[in-house]
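As a basis for the values below, the full set of heavy atoms in this structure was taken, side chains included, without hydrogen atoms, waters or symmetry mates. Keep in mind the model is a prediction, meaning the values are calculated, not measured. Position 1 is the first residue of the sequence; numbering continues from there.
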Amino acid sequence: MIRTIAMLGFWVLAAPIAALIGFPWTFITGDVSFLYRMFMFGAWNGVRLTGVRVQTVGLDKLDPARTYIFMSNHVSNLDPPITIPLIPKRSSVMVKKELFSFPILGRAMRIGSLVPVDRGNRDAGIESVRISKQVVQQGLNMTIYVEGHRSFDGKLLPFKKGPFYLAMECGVPVVPITIVGTHDVMPKGRFAIKPGLVTVIFHPPIEPQNFGSRDCLMEKVRAVIDSGLPEGLQSIPQTPPDANMHVKHDQP
């Protein structure tokens, strides 16, 4: 519990700096890059205060100059503050549409090309995919937790189809991500964080044009993400990730 409070306390202390410097700078310049770096710094270092250690696999194989759609499993509230700071370049994400109703925050998110999503509205979901396509065409990465919700037991939930329609439409490479360990340090439904090791596996990019349909692409991405999970959590036993993929520790 103390570790969780330390992380939240760090974020609370960092908020006035963002409010006094980051937000005004963003509104004056119309450039969200400085504010984005502030948020990534705060997210990453807040998690480090909890004693959670992070190692990456395969991140060094990605081309920072390319645009990717990152598709990840999701088991914990720690997944975004761990994963997104690792991603090369700036990444957009889908966020609850209600957050856009807050004047200052909503304006900053629009400048940052974040995508509003209403999970309970199918038509709104289609609109989110359309906006996401525009974001990717700007050259921004897109990070999507393709299950739509956090898993209680660490096993993969059914995937949403919208992200795969987006990938087929945009034609940019999909990078499957497997997050291992956040289910142990902070599972869904638990507030307290315990120290531990989290591994974020960046699998080799998958080219959508090599697949005849979004369903085929979805099956492939699911199999790859599943292959990175511990054996007891895999839906179907898979060949483990390439042992030669380079592992890096605690690198945002």
Side-chain angles (χ1 to χ4, degrees), residues 18 22-44 59 61-72 74 79-119 121 123-146 148 159-177 200 202-211 214 217-218 221 252:
F23 282 102
W25 177 262
T26 298
F27 297 152
I28 291 171
T29 64
D31 184 353
V32 78
S33 299
F34 177 60
L35 183 62
Y36 182 84
R37 289 195 296 270
M38 291 180 68
F39 271 94
M40 294 302 101
F41 175 85
W44 180 261
L59 181 60
K61 304 297 184 181
L62 301 180
D63 181 356
R66 296 197 70 180
T67 299
Y68 298 104
I69 298 176
F70 294 89
M71 296 190 184
S72 176
H74 193 18
D79 294 339
I82 287 176
T83 306
I84 297 175
L86 291 170
I87 291 173
K89 298 194 307 181
R90 183 156 59 93
S91 178
S92 179
V93 294
M94 294 182 178
V95 297
K96 293 180 180 180
K97 67 179 183 65
E98 290 81 7
L99 295 177
F100 284 81
S101 64
F102 294 93
I104 296 177
L105 179 62
R107 184 181 174 190
M109 290 194 298
R110 290 186 182 91
I111 294 174
S113 298
L114 301 190
V115 178
V117 61
D118 181 356
R119 293 190 179 95
N121 186 323
D123 292 337
I126 295 173
E127 176 66 9
S128 295
V129 171
R130 185 189 66 81
I131 297 173
S132 298
K133 181 179 178 181
Q134 295 175 347
V135 169
V136 173
Q137 289 174 336
Q138 294 174 25
L140 292 180
N141 294 315
M142 192 78 204
T143 302
I144 305 173
Y145 297 93
V146 285
F159 283 5
K160 300 295 183 180
K161 292 187 176 181
F164 300 94
Y165 175 80
L166 170 66
M168 297 294 286
E169 284 286 301
C170 294
V172 301
V174 173
V175 176
I177 297 175
V200 183
F202 291 84
H203 298 278
I206 296 172
E207 299 290 346
Q209 59 265 32
N210 293 337
F211 296 83
R214 69 179 183 183
L217 176 61
M218 181 169 65
V221 172

Original post:
Between CZ of R130 and CG of L166, what distance do you get to the nearest 0.5 Å?
Top reply: 12.5 Å
Subject >> Side chains of F34 and T29 in contact at under 4.5 Å (non-hydrogen atoms) >> reply: no
**OP:** Show the numbers, then the answer: is there a side chain to side chain contact (heavy atoms under 4.5 Å, CB included) between F23 and L35?
**Re:** CA-CA 7 Å; F23 282 102; L35 183 62; 3.9 Å; yes
Original post:
Can you name the closest pair of heavy atoms from P205 and L62 and give their distance?
Top reply: CG-CD2, 3.9 Å
Original post:
With sequence neighbours left out, what residues match F211 under ring-ring contact (aromatic ring centres under 6.0 Å, His included)?
Top reply: none
Subject >> Pairs involving residues 167-177, ordered by first then second residue, that meet salt bridge (Lys or Arg N to Asp or Glu O under 4.0 Å) (sequence neighbours left out) >> reply: K133-E169
Original post:
Does T143 reach the side chain of I87, with side-chain heavy atoms less than 4.5 Å apart?
Top reply: yes
Original post:
Where does the angle between the aromatic ring planes of H74 and Y145 fall among parallel (under 30°), tilted (30 to 60°) and perpendicular (over 60°)?
Top reply: tilted
Donor-acceptor list for residues 65-72 side chains, cut-off 3.5 Å, not counting sequence neighbours:
residue : atom : partner : partner atom : Å
T67     : OG1  : K89     : NZ           : 3.4
T67     : OG1  : G139    : O            : 3.1
Y68     : OH   : D63     : N            : 3.0

**OP:** Please name the pair of heavy atoms, one in P204 and one in P176, separated by the smallest distance, quoted to 0.1 Å.
**Re:** O-CD, 3.7 Å
Original post:
Does a side-chain heavy-atom distance below 4.5 Å link M94 with S132?
Top reply: yes
Original post:
Passes side chain to side chain contact (heavy atoms under 4.5 Å, CB included), F39 versus I84? Steps please.
Top reply: CA-CA 10 Å; F39 271 94; I84 297 175; over 6 Å; no
Subject >> Heavy-atom check, side chain of K160 versus side chain of I144, under 4.5 Å >> reply: no
Subject >> Sequence-distant partners of N141, side chain to side chain donor-acceptor pair (under 3.5 Å), two or more places apart >> reply: none
**OP:** Report the distance from atom NZ of K161 to atom CG of L217, rounding to the nearest 0.5 Å.
**Re:** 12.5 Å
**OP:** Determine, stepwise, if the pair M109 / F100 fulfils side chain to side chain contact (heavy atoms under 4.5 Å, CB included).
**Re:** CA-CA 7 Å; M109 290 194 298; F100 284 81; 3.8 Å; yes
Original post:
Does any pair with a residue in residues 29-43 pass salt bridge (Lys or Arg N to Asp or Glu O under 4.0 Å), and if so which ones, sequence neighbours excluded?
Top reply: none
Original post:
Are any non-hydrogen side-chain atoms of F164 and V174 less than 4.5 angstrom apart?
Top reply: no
Original post:
So do the side chains of L59 and P88 get within less than 4.5 Å of each other, counting heavy atoms only?
Top reply: yes
Original post:
Is L105 atom CG crowded by more than 12 heavy atoms from other residues, nucleotides or ligands, each under 6.0 Å away?
Top reply: yes
Original post:
Of the non-hydrogen atoms in V115 and S128, which two are nearest, and what is the gap between them?
Top reply: CG1-O, 3.5 Å
Subject >> Sub-4.5 Å side-chain heavy-atom contact between Y36 and S91 >> reply: yes
**OP:** Check side chain to side chain contact (heavy atoms under 4.5 Å, CB included) between Q138 and all other residues, then give those that pass, not counting sequence neighbours.
**Re:** S113, L140
**OP:** Apply the test side chain to side chain contact (heavy atoms under 4.5 Å, CB included) to residues V95 and V93: give CA-CA distance (whole Å), side-chain angles for both, the deciding distance (0.1 Å), then the verdict.
**Re:** CA-CA 6 Å; V95 297; V93 294; 3.8 Å; yes
Original post:
Going from CZ on R107 to CZ on R110, what distance comes out if it is rounded to the nearest 0.5 angstrom?
Top reply: 10.5 Å
